[in-house]
There are 2 protein chains.
Amino acid sequence: MQGWEDIRAEVLRRIRARIWPPGGLIPGEEALAQEFGVARATVNRALRDLAEAGVITRRKRAGTRVAELPVRRARLDIPVIRLDVLARGQAYSFDLLADRVQPAPVPVTARLGLPEASPLRYLETLHMADGRPYVLETRWLNPAILPDPAPDFARVSANEWLVTHVSLVSGDIAFTAEPASAREAEVLGIPEATALLVAERTTQGTGGPVTWVRLAHAPGHRVQMTF
Amino acid sequence: MQGWEDIRAEVLRRIRARIWPPGGLIPGEEALAQEFGVARATVNRALRDLAEAGVITRRKRAGTRVAELPVRRARLDIPVIRLDVLARGQAYSFDLLADRVQPAPVPVTARLGLPEASPLRYLETLHMADGRPYVLETRWLNPAILPDPAPDFARVSANEWLVTHVSLVSGDIAFTAEPASAREAEVLGIPEATALLVAERTTQGTGGPVTWVRLAHAPGHRVQMTF
DNA sequence: AAGGCTAATATGTCTATACATAATACAAGT
DNA sequence: ACTTGTATTATGTATAGACATATTAGCCTT
């Protein structure tokens with residue numbers, strides 16, 4: 001025993017117990033290593049983990065301080081829709097409703113950091129579970145990142161192709177609740193203005209902006225995360 | 001150069017380039033260390049990071065393999081509502097609409113892992129930004145985790161008190177879109193059946209189940225995450 | 001063939017030491 | 001006073017070597 005996880009636990013205990021108050025400086029790695037009778041690397045491992053968890057903030061020379069407000073972090077595993085459906089024990093299928101190149105609307109180009117009205121590939125895909133509408137995917141795709149013989153998105157969904165073939169570096173997701181538009185109501189087979197859980201995602205790759213997606217989930221959908 | 005981030009980048013490149021295909025075994029740490037001319041610990045750091053990111057899976061003796069399906073992970077910083085509002089440059093206030101102890105409904109006790117109809121503290125809080133409804137918080141709280149002179153939730157919101165005083169160990173959040181109920185419509189000052197973004201959160205602490213919360217956000221609310 | 005023991009092996013972690021890097025404090029020069 | 005350079009210091013990372021632990025392959029027994 002006296003592994004890095006024990007060190008982490010003890011440090012966390014002292015923070016919770018207000019022995020080291022929020023915003024306060026805690027002893028340096030060297031001091032803690034000596035106190036606990038372990039190597040500095042072990043203390044470093046423990047503190048690095050706590051910093052990742054948002055419990056403390058660390059800066060060179062300035063030392064380590066207890067975070068003013070402990071932020072709780074939850075992790076979302078962004079699923080490939082096909083597997084998400086299969087994991088529910090349902091059969092997966094999808095329909096490519098639209099596939100054309102056209103100038104993207106301003107909100108899309110703006111978020112991707114592309115010039116206004118850039119011609120992007122527009123894809124509309126209806127994902128289905130057991131033949132019933134599951135998610136309506138609306139996607140704008142930067143054609144510059146596609147290989148020359150472009151993949152056939154009628155066979156492999158764009159979603160899945162991108163995950164396995166493009167090395168994404170960063171992005172963001174936002175969840176909102178929106179009333180179903182006339183088009184969404186029709187495609188998903190639900191009454192207009194039904195409350196829909198909508199996810200909007202922007203992703204940037206090493207070779208520039210990749211894609212902007214909007215996922216309108218069928219009613220009742222839950223996005224689950226753990227921490 | 002030749003730091004652990006360089007090693008990580010090179011390993012990632014080979015995975016993307018299909019040199020090490022999905023599901024395939026990659027060379028052991030010792031071998032990679034030798035190839036890159038670094039210590040094993042450095043390779044370990046790089047691979048551990050990739051494992052955390054979900055790109056590879058590692059098991060003792062079995063070795064390291066490329067994940068079949070690279071899962072993208074996004075991190076959500078669960079905000080303390082007060083700070084969330086302040087960050088938007090708005091004034092924060094809240095109203096404690098209800099505070100009583102009563103037997104909790106079955107779905108709540110079930111999720112918390114408590115016996116049916118356990119008496120729990122029920123709190124209903126309306127959080128406001130610039131005096132306008134922001135979030136309606138509905139909370140069931142396990143009284144067993146509270147200190148003897150229980151905190152005054154009319155002064156410090158339960159949300160905030162818990163974050164700073166209870167060491168939570170695990171929990172889960174789920175987001176859904178739901179039509180506003182009559183009560184929610186009234187309290188939030190919106191038409192009934194408006195699409196609401198709802199977050200449901202269950203948290204477990206070291207001393208047993210802590211709380212179940214439902215947050216009904218005002219229309220237009222976005223939950224933002226990055227990866 | 002089935003089950004159980006054992007040895008081999010890849011990852012996990014710790015130690016001690018060293019150098020790198022960033023941020024600060026302080027002194028020197030303008 | 002203001003800027004600039006420099007020393008100091010805490011964290012970040014690297015190294016080599018060692019032991020711990022989980023898991024598997026293969027052998028051995030029944």
Side-chain angles (χ1 to χ4, degrees), chain A residues 1-15 19-68 70-71 73 75 169, chain B residues 1-15 19-68 70-71 73 75 169:
Chain A
M1 30 204 105
Q2 278 300 69
W4 68 271
E5 287 181 290
D6 298 289
I7 307 294
R8 180 183 59 181
E10 175 57 16
V11 170
L12 193 54
R13 191 189 67 74
R14 292 187 188 178
I15 290 172
I19 295 171
W20 295 329
L25 212 55
I26 78 174
E29 296 188 344
E30 197 67 60
L32 290 174
Q34 204 154 0
E35 185 199 332
F36 293 127
V38 299
R40 187 168 77 88
T42 307
V43 174
N44 182 277
R45 181 86 160 85
L47 295 185
R48 181 153 34 88
D49 199 72
L50 286 172
E52 252 172 50
V55 177
I56 56 179
T57 55
R58 324 192 68 198
R59 278 167 59 219
K60 292 182 190 180
R61 162 77 214 207
T64 301
R65 25 185 93 247
V66 180
E68 282 292 350
V71 180
R73 297 207 171 118
R75 246 186 19 201
V169 274
Chain B
M1 34 202 101
Q2 277 299 68
W4 68 273
E5 287 181 293
D6 298 288
I7 307 295
R8 180 184 60 180
E10 174 59 15
V11 170
L12 193 54
R13 193 190 64 76
R14 293 188 188 178
I15 290 172
I19 295 170
W20 295 329
L25 211 56
I26 78 173
E29 297 188 346
E30 197 67 61
L32 289 175
Q34 204 153 1
E35 184 198 333
F36 294 126
V38 299
R40 186 167 79 86
T42 308
V43 173
N44 181 279
R45 182 88 158 82
L47 295 184
R48 180 153 35 85
D49 198 73
L50 286 172
E52 253 172 50
V55 177
I56 56 179
T57 56
R58 324 191 67 196
R59 278 167 60 219
K60 293 183 189 177
R61 160 77 214 202
T64 302
R65 24 186 94 248
V66 179
E68 283 292 350
V71 180
R73 295 205 172 118
R75 249 188 12 202
V169 273

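Only this structure's heavy atoms are used, side chains among them; waters, hydrogens and symmetry mates stay out. Within every chain, numbering begins at 1; the chains are lettered A, B, ... in the order of the sequence lines, protein sequences first and strands thereafter.
Atoms CD1 and CG, from B:Ile7 and B:Leu32 in turn, are 8.0 Å apart once rounded to the nearest 0.5 Å. One finds the CD1 atom of B:Ile56 at 4.5 Å from the CG atom of B:Leu47 (value rounded to the nearest 0.5 Å). Summarising the geometry, atom CD belonging to A:Glu29 is positioned 9.5 Å from atom CZ belonging to A:Arg48; distances are rounded to the nearest 0.5 Å. The CD atom of A:Glu5 lies 8.0 Å from the CZ atom of A:Arg45; values are rounded to the nearest 0.5 Å. Between atom CD of residue A:Glu30 and atom CG of residue A:Asn44 there is a gap of 11.5 Å, rounded to the nearest 0.5 Å.
Residues from residues 26-45 of chain A that place a heavy atom under 4.0 Å from any atom of DNA chain D, listed by number: A:Gly28, A:Glu29, A:Arg40, A:Asn44.
Remark: the A:Arg65 side chain and the A:Thr57 side chain contain no N/O donor-acceptor pair separated by less than 3.5 Å.
Within 6.0 Å of atom CD in B:Glu35, more than 12 heavy atoms from other residues, nucleotides or ligands are found, so the atom counts as buried in its surroundings.
Atom CD of B:Glu52 and atom P of C:dT11 are 16 Å apart (whole Å). Protein atom CH2 of B:Trp4 is 15 Å distant from nucleotide atom C1' of C:dT21, rounded to whole Å. Distance CG (B:Leu25) to P (C:dT9): 14 Å, rounded to an integer number of Å. At whole-Å resolution of the value, CZ in B:Arg61 and P in C:dT9 are 7 Å apart.
When DNA chain D is scanned in the 5' to 3' direction for atoms under 4.0 Å from non-hydrogen atoms of chain B, the outermost contacting nucleotides are D:dT13 to D:dA25.
Between the A:Asp6 side chain and the A:Gly3 main chain, a donor and an acceptor come within less than 3.5 Å of each other.
Along DNA chain D, the nucleotide closest to B:Ala62 and the one closest to B:Glu5 are compared, and the more 5′ of them pairs with B:Glu5.
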